[in-house]
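Data first, discussion second: the structure below is written as structure tokens.
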Amino acid sequence: MDILIIGSGGREHAIAWKAAQNKDVKTVYCAPGNGGTHFEHKCINIDLTSIEDLKNFAIDKSIDLTIVGPEEPLTKGVVDAFKSSGLRVFGPSREAAQLEGSKIYAKNFMKNYGVKTAEYAAFDDFKEAKGYTMECSYPVVIKADGLAAGKGVVICEGSEEAAAVLEEFMMKDIFEGSGKKVVIEEFLEGVEASILSITDGEVILPFVSAKDHKQIYDGNEGPNTGGMGAIAPNPYCTEKVLKEFINNIMSPTLKGIQAEKLDYTGIIFFGLMITKKGVYLLEYNVRLGDPETQAVLSLMESDFVELIESAIDKKLSDYKIHWKKGHSCCLIAASGGYPGKYIKGLQVKIANIKNSKVFGAGIIENGGTIYTSGGRVLAVTSTGNSLEEAIAKAYEDIKEIDFEGIYYRKDIGRIY
Ligand code: AMP
Ligand code: GLY
């Protein structure tokens, strides 16, 4: 079997690594991949990114299965394009991908199908949105409707700040269209959890829960990033929390997918807030999380390709996902300055890694040497019988990595 994986992050390296473990898989093409997939068993990087080029490549090489990593190609209809050419592809249709691509679509979907979520109002008119923020109670959360590379959500403490954010999003159009419409929603206080899951449109099978660490600094301080580390399972996801999630979020979501007749075979990622008033859905993502994937796939005993094939064949109801006992921890080694400005092209040295799998993220290979090419550079991932063991192994190994300005959080997995 030959597989094509679309994307270039740490998440895609983890998918490629896991897919390569299937004995029937001969080659894993990574488009475009990164300096980590370059060195991975069975993997070949190919320098293609447009949907048209990817589709033609899949046809030429008779690719047996394409797995789409990031949200952007999904919201642009990569799955529809592949399917219309008779290709086997794993991911939601363009219509279904609106659950991530449009916050207004997602919130209306949640409301229509009784998915527990924060109260909200949606606006496409600046004056009306501003009027609303003059009267609402604070804090509120303002969200750009469309994709904004993780920068489209701002928590506002008062009406002046809210007016300034609305001005930037709706009038100055800093997200080039994505912030022309906004959702303004109730602020929820609690702890977050990521539940990645797989669906064939008939059932949703949740994966082991995970906890991301979004802020750049220890103690959850500073600006948000794509994610500075993850642990799995999430210690806050107790039986009670999971039960509430299934009843109030996952089951009504599945009913909604079916009622709307969405063509949804793929990953559905529930971003949860666990509060004193219960478990709420903050957002859907229509793809795996990064760095949650590195932590979660490290604990997956089942074959990922087989699982995906079952979803495409609509046989998930017969599938039982097996998990390794224990815990995992993924640490992100980032470029100094990230999530602000940072230098690229610095040489990366990886010395004596003992117990971890190091996934490449923002790295490229050139003449056998690797160089930084992004904010999140590497994802050092370990497993252990206890959370403490997984964390200790990952921290021991991240010391073996060296590049100028390397930065990582020292408190991943700590419970505050
Ligand atoms: P989202 O893209 O909707 O997940 O928002 C990004 C981040 O903003 C979340 O991971 C939370 O940390 C925060 N956030 C989003 N919505 C809310 C909310 N209603 N209350 C508190 N924090 C939120
Ligand atoms: N780590 C959060 C995300 O992938 O959206």
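Indexing begins at 1, ligand by ligand and atom by atom, following the structure's order.
Close contacts between ligand 1 and Lys214 involve ligand atoms 10 (O) [criterion: under 4.0 Å to a heavy atom]. Annotation for ligand 1: atoms under 4.0 Å from non-hydrogen atoms of Phe187 are 20 (N), 21 (C). Remark: ligand 2 atoms within the under-4.0 Å shell around heavy atoms of Asn285 are 5 (O). Every atom of ligand 2 with a heavy atom of Gly289 under 4.0 Å away is listed here by number and element: 4 (O). Heavy-atom proximity to Gly226, at under 4.0 Å, picks out these atoms of ligand 2: 1 (N), 2 (C). Residue Lys143 has at least one heavy-atom neighbour below 4.0 Å for each of these atoms of ligand 1: 3 (O), 15 (C), 16 (N).
The aromatic rings of Tyr395 and Tyr408 lie tilted to each other, with the angle between the two planes from 30° to 60°. Note: Phe169 and Phe175 have perpendicular aromatic rings, judged against thresholds of 30 and 60 degrees for the angle between ring planes. Ring-plane geometry between Tyr113 and Phe109 is classed as tilted, the angle between the planes lying from 30 to 60 degrees on a 0 to 90 degree scale.
Relative to atom 8 (O) of ligand 1, the option among Leu188, Leu147, Val141, Val153 with the closest non-hydrogen atom is Val153. Residue nearest to atom 19 (N) of ligand 1, selected from Glu100, Glu185, Glu283, Lys107: Glu185 (by heavy-atom distance).
What sits closest to atom 22 (N) of ligand 1 on the protein, heavy atoms only, is Met273 CE, 3.7 Å. Looking from atom 17 (C) of ligand 1 to the surrounding protein, the closest heavy atom is Leu282 CD2, 3.5 Å. The protein heavy atom nearest to atom 9 (C) of ligand 1 is Glu192 OE1, 3.5 Å. Nearest protein neighbour of atom 2 (C) of ligand 2, counting heavy atoms only, is Asp212 OD2, 3.4 Å.
Annotation for Lys354: atom NZ counts as buried by contact number, over 12 foreign heavy atoms lying within 6.0 Å.
By the 4.0 Å N-to-carboxylate-O rule, Glu202 lies too far from Lys315 to be salt-bridged with it.
Between the side chains of Asp200 and Tyr319, no donor N or O sits under 3.5 Å from an acceptor N or O. Between the side chains of Asn45 and Thr37, at least one donor N or O sits under 3.5 Å from an acceptor N or O.
Distance alone, capped at 3.5 Å, places no donor-acceptor pair between the Asp53 side chain and the Thr49 backbone.
Polar contact check, Arg11 against ligand 2: no nitrogen or oxygen pair lies under 3.5 Å apart. Geometrically, ligand 2 and Asp290 share a nitrogen or oxygen pair separated by less than 3.5 Å. Checked by distance only, ligand 2 and Leu288 stay at 3.5 Å or farther apart across all their nitrogen or oxygen atoms.
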Item to check | Arg287 and Glu71: CA distance, side-chain angles, deciding distance, salt bridge (Lys or Arg N to Asp or Glu O under 4.0 Å) verdict | outcome: CA-CA 6 Å; Arg287 38 85 192 168; Glu71 60 277 18; 3.1 Å; yes
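Assignment of Lys103 to the shell around ligand 1 is supported, since a heavy atom sits closer than 4.0 Å. Judged by the shortest distance from any of its heavy atoms, Gly227 lies outside the 4.0 Å radius around the atoms of ligand 2. Contact annotation: Arg287 has at least one heavy atom less than 4.0 Å from an atom of ligand 2.
Judged by the 6.0 Å and 45° rule, Lys116 forms a cation-pi pair with Tyr280.
Here CG of Asn22 is found 6.5 Å from NZ of Lys42. Values are rounded to the nearest 0.5 Å.
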